[in-house]
Student: 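So that we are looking at the same thing, I have put the structure below in structure tokens.
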Amino acid sequence: MNTILLKNCQLISAGPEVGLSNILITDNVVSNICSSTKRLQAQKEYDVRGALVTPGLIDMHVHLRWPDKSSINKDLKENIKSGTEAASRGGFTTIACMPNTNPPICTAELIDSVREAALEHKFCRVIPIPAITKQMKGKTLADFNMYHHKDIFGITDDGRGINCDKIMTEAFKKALENHLTIMQHCEVSHLSNGGAIHKGEVAEQLEIAGIPADAEYEMIKRDLEICRKHPAQYHVMHISCKESVDLIRSAKAEGLPVSAEVTPHHLVLCDEDLLSANFLPNFKMNPPLRTKQDRDALVEALDSGVIDMIATDHAPHTIFDKQKDIHGAAFGVVGLETAFPLLYTHLVLTNKISLKTLVSRMSIDAARVFHLPWGDIEEGHSADLSVFELKRVQEVDPESFVSKGKNTPFAGMKLWGWPSLTILKGNVVWEKKW
Ligand code: DOR
């Protein structure tokens with residue numbers, strides 16, 4: 001029997017907030033939560049001295065870049081070990097990985113090998129989200145029946161939207177039959193038309209081709225029409241503009257089975273930040289950073305619950321893929337190792353959302369939407385816990401990331417609330433040097 005005792009925890013979970021608690025972990029589960037440590041003994045003890053203890057964070061949108069058949073710059077590319085270790089360092093105990101790999105994840109063999117590789121490294125749980133269409137080509141559906149038998153619950157062609165109406169209608173029908181959630185990267189490709197940043201005044205000023213907001217919300221509109229006829233569970237990934245928020249709000253009011261996620265960078269940055277960026281490619285992602293008004297609408301929707309959860313869209317790229325002119329540079333930024341301190345500093349310390357809401361949108365709510373048996377701290381449940389030192393202030397140093405991707409727009413930013421301990425199924429998978 002293995003036991004760990006966390007003493008003096010500021011616990012935030014689904015239940016009411018209480019004073020400092022002590023949490024006893026026995027083997028894989030939380031065995032006792034109480035206000036006194038009398039009669040509690042464990043092989044290993046951590047006095048966290050009032051630090052925040054949350055359910056292990058859940059991120060439903062991560063690029064682990066594995067498998068990767070290409071042999072160029074292999075040492076610089078993310079893999080399952082570096083990506084899952086980065087997750088554990090950021091306080092995440094469960095992540096979902098995207099299929100836009102080489103080859104794309106859409107076969108039973110690849111699903112098995114992602115699962116096996118993640119188990120080998122033990123840093124966090126990895127949920128494979130395989131492709132909607134074969135080889136992610138958008139032309140024919142992958143084998144949804146096989147997915148169902150492999151206990152897959154979410155599917156996506158993330159990186160691109162499904163533009164063909166007929167394929168999308170088929171996808172909704174088959175997803176409904178096989179209990180799969182369609183996780184859509186919403187982008188009408190002929191509207192984004194090779195753009196690199198948000199289409200608006202900033203793009204005009206910088207003379208960069210833009211991606212208009214309707215490239216996102218027109219696809220959501222089309223998908224909601226299909227969802228009305230074939231109500232499979234539908235999840236909008238990395239939502240970025242106010243029109244999309246309005247569509248999700250009305251769809252929920254109508255009773256459609258929809259949910260949405262937003263990334264940390266869309267909640268904190270906007271296109272005006274590009275004007276002072278020292279390395280523009282690290283501010284390039286898809287969907288792009290939109291206007292201040294869009295960003296504020298996203299924060300409000302996150303607070304009210306119209307947007308269900310935060311997902312990082314952790315998208316590591318090598319310097320070779322980024323160090324190009326803005327049109328040639330790869331889309332995407334890393335997020336796992338900065339997500340919590342970034343949002344704690346910019347949303348909680350500025351009183352835009354409460355700490356409880358932040359924790360909920362990064363754990364409990366993803367578990368609720370995707371019916372995951374994790375995401376809370378309760379006696380008898382899996383001991384997935386993360387500890388954050390809310391008073392610890394530190395600058396973002398990309399060179400200290402364990403992720404191979406250093407492509408962050410937040411380098412040098414001073415943030416509060418850094419992780420210090422991550423526990424997965426009762427095992428310490430990462431701890432700061434105490
Ligand atoms: O910015 C992005 N990067 N957006 C995506 O949808 C894909 C991702 C990637 O794979 O790098």
Side-chain angles (χ1 to χ4, degrees), residues 59-68 70 73 76-80 82-83 86 95-106 114 128-133 135-136 138 154-163 182-189 191-192 194-198 210-211 215-216 219-220 235-241 244 260-269 271 274 277 280-290 310-324 326-336 339 403-410:
D59 186 350
M60 292 305 293
H61 192 155
V62 172
H63 295 272
L64 290 179
R65 307 289 188 224
W66 195 89
D68 177 19
S70 72
N73 296 321
L76 299 177
K77 289 198 178 164
E78 195 78 294
N79 53 44
I80 298 222
S82 60
I95 61 173
C97 73
M98 297 296 113
N100 60 338
T101 49
N102 180 10
I105 301 168
C106 62
V114 168
I129 305 291
I132 297 176
T133 63
Q135 302 306 319
M136 281 191 54
I155 50 175
T156 187
D157 270 10
D158 181 55
R160 49 181 89 117
I162 308 235
N163 281 270
I182 294 184
M183 298 169 72
Q184 176 80 302
H185 168 116
C186 299
E187 182 181 5
V188 179
S189 48
L191 293 176
S192 49
I197 63 173
H198 173 63
I211 302 174
E216 176 174 290
M219 184 163 283
I220 301 181
H235 177 77
V236 174
M237 304 176 95
H238 44 45
I239 190 169
S240 71
C241 63
S244 302
E261 66 181 40
V262 62
T263 72
H265 42 278
H266 288 104
L267 289 166
V268 170
L269 300 173
D271 63 350
L274 299 176
L280 214 46
N282 279 353
F283 289 71
K284 180 186 177 189
M285 71 292 289
N286 196 8
L289 299 170
R290 304 224 184 254
I310 292 160
T312 64
D313 191 6
H314 175 81
H317 288 291
T318 67
I319 186 67
F320 301 106
D321 292 329
K322 278 291 191 184
Q323 212 160 40
K324 297 184 176 174
I326 191 71
H327 287 103
F331 282 106
V333 295
V334 288
L336 287 169
S403 169
K404 303 247 185 178
K406 314 296 176 196
N407 48 309
T408 174
F410 303 112

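Model, not experiment: these values are computed from the prediction. Whatever order the structure lists them in is the order used to number ligands and atoms, beginning at 1.
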Student: Could I get the full list of ring-ring contact (aromatic ring centres under 6.0 Å, His included) partners for His238, not counting sequence neighbours?
Tutor: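 Listed in chain order: His61, His185.
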Student: For ligand 1, what is the set of protein residues having any non-hydrogen atom at a distance below 4.0 Å?
Tutor: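 The 4.0 Å shell around ligand 1 contains His63, Arg65, Asn100, Asp158, Gly159, His185, His238, Met285, Asn286, Asp313, Ala315, His317, Phe331, Gly332.
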Student: Could you pull out the closest heavy-atom pair between Pro67 and Thr101, with the gap in Å?
Tutor: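 Reported closest heavy-atom pair: O-CB, 3.3 Å.
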Student: Quick one: closest heavy-atom pair of Leu289 and Asp271, and the distance?
Tutor: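 Closest approach of Leu289 to Asp271: O-CB, 3.5 Å.
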Student: Going by side chain to side chain contact (heavy atoms under 4.5 Å, CB included), name the residues that satisfy it together with Asp68, two or more places apart in sequence or in a different chain.
Tutor: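 Once residues adjacent in sequence are excluded, the partners of Asp68 under the side chain to side chain contact (heavy atoms under 4.5 Å, CB included) criterion are Ser70, Lys74, Lys77, Asn102.
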Student: Please enumerate all residues that pass side chain to side chain contact (heavy atoms under 4.5 Å, CB included) together with Gln323, with sequence neighbours excluded.
Tutor: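 Applying side chain to side chain contact (heavy atoms under 4.5 Å, CB included) to Gln323 gives Phe279, Ile319.
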Student: side-chain hydrogen bond (donor to acceptor under 3.5 Å, both in side chains) for His265 and Asp313? Distances and angles first, verdict last.
Tutor: CA-CA 9 Å; His265 42 278; Asp313 191 6; 5.0 Å; no
